[in-house]
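All remarks here apply to the structure that follows.
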Amino acid sequence: MKLLVTGGAGFIGSHVVRRLVNNYPKYEIYNLDALTYAGNLENLRDIESASNYSFIKGDINDMDFINSLFTKYKFDGVIHLAAESHVDRSITDPLAFVRTNIIGTVNLLNAAKIIWKDNFDGKRFYHVSTDEVYGSLGQTGLFTESTSYDPNSPYSASKASSDHFVRAYGETYGLPYVITNCSNNYGPHHFPEKLIPLFINNIIQEKPLPVYGDGNYTRDWLFVEDHARAIDLVFHKGKNAETYNIGGFNEWKNIDLVKLLCKIMDAKLGRNNGQSEALITYVKDRPGHDLRYAIDASKINKELGWKPSVTFEEGLEKTIVWFLKNKEWLDNVTSGTYQTYYQNQYK
Ligand code: NAD
Ligand code: DAU
């Protein structure tokens with residue numbers, strides 16, 4: 001099995017690559033990543049010299065490069081995670097999301113179709129997507145695989161579009177595919193532009209904690225290693241041309257989650273209870289902010305036996321301990337362009 005993983009130097013991708021490298025010694029695993037601000041080879045130091053692993057620096061938007069790569073390596077499978085992934089950045093620069101998330105995905109689909117020459121035996125294109133394609137829930141209900149697409153941000157619109165292209169390549173050309181739509185991940189190596197790592201970093205530095213709007217927005221949180229395990233399972237056992245929702249059965253209002261984080265961090269840092277909560281600052285809301293996401297993950301549970309293995313308490317503990325132990329990683333990713341991003345986003 002020659003397996004291409006795209007975006008393997010990012011947050012989720014690095015957990016997927018590590019899992020595959022450790023679990024499948026006979027595979028050849030190629031990690032293709034452009035190393036944008038979100039890509040970081042530090043995330044993979046522990047497995048970088050494994051004999052079944054290779055890193056390739058490259059951009060999925062470069063069609064000629066992608067075609068030559070597929071011609072050279074003749075991959076049997078693709079697990080596609082490379083993307084622009086942050087909603088706030090999509091609001092300031094939507095075209096970057098159109099390029100990577102839509103055009104980049106179609107470049108990969110096309111290259112796979114050409115190299116597989118319509119003989120699709122043993123081949124699989126796995127597209128990693130998000131629950132945000134379904135739009136926003138009200139106070140009740142869950143997203144199922146048959147919920148209509150209703151994306152609200154440039155990020156979710158670009159991911160929805162890429163999902164449609166994957167499905168269209170399946171319907172039109174018979175390209176074998178699977179798609180998963182997952183809820184919010186958290187864990188080690190999470191880039192500190194997203195809620196949990198940004199707030200952990202700000203608590204460490206005693207900086208304001210910028211809660212958007214009234215903080216009554218709800219997300220369904222899943223520990224990243226449970227997502228990586230689901231991806232491994234769906235890649236190997238998922239049915240062709242199916243989509244699977246993946247979620248944590250773990251809904252939290254942002255403000256409640258932030259208060260919990262503050263409490264745990266105060267205890268870890270030897271601060272007075274309430275010290276970090278005093279940093280909470282309500283700021284201007286995100287435009288088009290989706291009220292609530294929550295996944296019905298019963299299909300992947302019933303068909304493939306997957307369910308989260310880590311409770312939220314365990315996952316948060318592992319995450320916070322990791323960030324406190326890896327100050328150098330955090331310092332490195334928050335220097336340079338991060339500072340400019342932060343000033344512009346939270347000025
Ligand atoms: P991330 O931003 O941490 O990582 C993205 C990776 O893709 C980076 O390593 C980056 O360098 C690479 N990349 C970006 N543009 C590229 C390009 N043009 N060519 C090659 N590589 C490029 O993202 P993440 O949070 O790990 O998300 C990974 C995937 O999972 C995305 O497709 C995202 O939509 C999806 N997803 C994320 C979550 C979440 O909570 N983070 C939940 C569900 C689905
Ligand atoms: O649901 C899956 C999606 O989860 C993934 O597809 C995306 O790639 C990932 O970024 C994430 O999107 P969200 O927009 O839900 O995540 P984020 O961490 O940016 O925000 C989580 C919630 O916290 C959301 O309601 C906005 C709020 N928030 C976020 C930030 C960064 C704040 O209140 N303040 C902040 O500074």
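Whatever order the structure lists ligands and atoms in, that order sets their numbers, starting from 1.
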Determine the interplanar angle of the His189 and Trp322 rings, folded into 0 to 90°, and report it as parallel if under 30°, tilted if 30 to 60°, perpendicular if over 60°.
perpendicular
Can you pull out the closest protein heavy atom to atom 29 (C) of ligand 1? Residue, atom name and distance to 0.1 Å, please.
Leu81 O, 3.2 Å
Look at atom 32 (O) of ligand 1 and find which of His189, Glu193, Lys159 reaches it with the closest heavy atom.
Lys159
Who's the nearest protein heavy-atom neighbour of atom 3 (O) of ligand 1, and how far?
Phe11 N, 3.1 Å
Which ligand 2 atoms does Lys194 reach within 4.0 Å, using its non-hydrogen atoms?
10 (O), 18 (O)
Looking only at protein heavy atoms, what sits closest to atom 34 (O) of ligand 1 is Tyr155 OH, 2.7 Å
Of the side chain and backbone of Leu35, name the one, both, or neither that has a heavy atom under 4.0 Å from an atom of ligand 1.
backbone
N or O contact, Trp221 vs ligand 2, cut-off under 3.5 Å
no
State the atoms of ligand 2, each with its element, that fall below the 4.0 Å cut-off from a heavy-atom position in His86.
19 (O)
Starting from atom 40 (O) of ligand 1, which protein heavy atom do you reach first, and at what distance in Å?
Asn185 N, 2.9 Å
Mind checking whether Thr100 contacts ligand 1 via backbone (N, CA, C, O), side chain (CB onward), both or neither, at a 4.0 Å heavy-atom cut-off?
side chain
Looking at non-hydrogen atoms alone, which of Phe11, Tyr212, Tyr134 comes nearest to atom 30 (C) of ligand 2?
Tyr212
Taking it one step at a time, do Tyr134 and Thr144 satisfy side chain to side chain donor-acceptor pair (under 3.5 Å)?
CA-CA 9 Å; Tyr134 298 124; Thr144 72; over 6 Å; no
When you look for heavy atoms under 4.0 Å from ligand 2, do you find them on the side chain of Tyr217, its backbone, both, or neither?
side chain
Taking the six-membered ring for Trp, are Tyr149 and His164 parallel (under 30°), tilted (30 to 60°) or perpendicular (over 60°)?
tilted
Heavy-atom contacts under 4.0 Å between Glu132 and ligand 2: side chain, backbone, both, or neither?
side chain
Heavy-atom distance under 4.5 Å between the side chains of Ile255 and Asn216, does that happen here?
yes
Going by an N to O cut-off under 4.0 Å, is there a salt bridge joining Arg219 and Glu132?
no
Atom NZ of Lys307 with >12 non-hydrogen neighbours under 6.0 angstrom
no
Taking both backbone and side-chain atoms of Tyr293, is any N or O found less than 3.5 Å from an N or O belonging to ligand 2?
no
Can you confirm whether the side chains of Lys299 and Thr243 place a donor and an acceptor under 3.5 Å from each other?
no
Between ligand 1 and Gly104, can you find any atom pair, the residue atom being a heavy atom, that is separated by under 4.0 Å?
no
Nearest neighbour of atom 5 (C) of ligand 1 from the list Ala83, Ser162, Ser85, on a heavy-atom basis:
Ala83
Check contact between Gly58 and ligand 1, using heavy atoms of the residue and a distance below 4.0 angstrom.
yes
Can you list the ligand 2 atoms lying under 4.0 Å from a non-hydrogen atom of His289?
24 (C), 25 (O), 26 (C)
Which is closest to atom 37 (C) of ligand 1 by heavy-atom distance: Val128, Thr130, Leu32, Ile12?
Ile12
Give yes or no for whether the N/O distance cutoff of 3.5 Å, strictly under, is met between Leu198 and ligand 2.
no
Whether Ser153 lies under 4.0 Å from ligand 2, heavy atom:
no
Any donor-acceptor N or O pair under 3.5 Å, side chains Tyr217, Asp290
no
Can you tell me if Glu193 has a non-hydrogen atom under 4.0 Å from ligand 2?
yes
Hey, mind stepping through Asp93 and Arg89 against salt bridge (Lys or Arg N to Asp or Glu O under 4.0 Å) and telling me if it holds?
CA-CA 6 Å; Asp93 185 9; Arg89 289 186 195 252; over 6 Å; no
Which atoms of ligand 2 are found less than 4.0 Å from any heavy atom of Cys182?
2 (C)
Residue and atom name of the nearest protein heavy atom (relative to atom 36 (O) of ligand 2), distance in Å to one decimal
Tyr346 OH, 2.7 Å
Drop me the distance from Asp131's CG to Asn184's CG, to the nearest 0.5 angstrom.
6.0 Å
Distance-only polar pair, side chains of Tyr341 and His86, donor-acceptor under 3.5 Å
yes
So which of Asp131, Ile12, Val128 gets nearest to atom 1 (O) of ligand 2, if we judge by its closest heavy atom?
Asp131
Looking at ligand 2, does any of its N/O atoms fall within less than 3.5 Å of an N/O of Asn184?
yes
Protein contact of atom 4 (O) of ligand 1 - nearest heavy atom, named by residue and atom, plus distance:
Gly10 CA, 3.5 Å
Between Glu251 and Arg292, is there a salt bridge with N-O shorter than 4.0 Å?
yes
Are any of the N/O atoms in Val87 less than 3.5 Å from those in ligand 2?
no
Can you tell me which residue among Ile200, Thr334, Asn202 is in a side-chain contact (heavy atoms from CB on, under 4.5 Å) with Pro192?
Thr334
Asn184-ligand 1 polar pair, N/O distance under 3.5 Å
no
Counting from 1, what ligand 1 atoms have a heavy atom of Cys182 closer than 4.0 Å?
42 (C), 43 (C)
Pair Arg229-Asp232, salt bridge (Lys or Arg N to Asp or Glu O under 4.0 Å): steps then yes or no:
CA-CA 5 Å; Arg229 187 167 49 83; Asp232 179 356; over 6 Å; no
Yes or no: does Ser129 have any heavy atom under 4.0 Å from an atom of ligand 1?
yes
Among all protein non-hydrogen atoms, which one is nearest to atom 42 (C) of ligand 1, and what is the separation to 0.1 Å?
Ser183 O, 3.3 Å
Got an N/O contact under 3.5 Å between Ser183 and ligand 2?
no
N/O to N/O below 3.5 Å, does that happen between Glu84 and ligand 1?
no
Determine whether the aromatic ring centres of residues Tyr173 and Phe120 are separated by less than 6.0 angstrom.
no
Which residue holds the protein heavy atom closest to atom 19 (N) of ligand 1, what is that atom called, and what is the gap in Å?
Ile60 N, 3.0 Å
Using heavy atoms and a threshold below 4.0 Å, how should the contact between Arg219 and ligand 2 be classified: side chain, backbone, both, or neither?
side chain
In terms of relative ring orientation, are His15 and Phe11 parallel, tilted or perpendicular, with 30° and 60° separating the classes?
perpendicular
Answer yes or no: does an N/O atom from Ala34 fall short of 3.5 Å to an N/O atom of ligand 1?
yes
Within 4.0 Å of some non-hydrogen atom of Ser85, the atoms of ligand 2 are 7 (C), 8 (O), 9 (C), 10 (O)
N/O to N/O below 3.5 Å, does that happen between Asp33 and ligand 1?
yes
Below 4.0 Å, non-hydrogen atoms only: which portion of Leu195 touches ligand 2? Side chain, backbone, both or neither.
both
Which of the numbered atoms in ligand 1 are below 4.0 angstrom from a heavy atom of Asp59?
17 (C), 18 (N), 19 (N)
Can you tell me which portion of Ser156 lies within the under-4.0 Å heavy-atom range of ligand 2? Options are side chain, backbone, both, or neither.
neither
Contact check, Lys159 vs ligand 2, heavy-atom distance below 4.0 Å
no
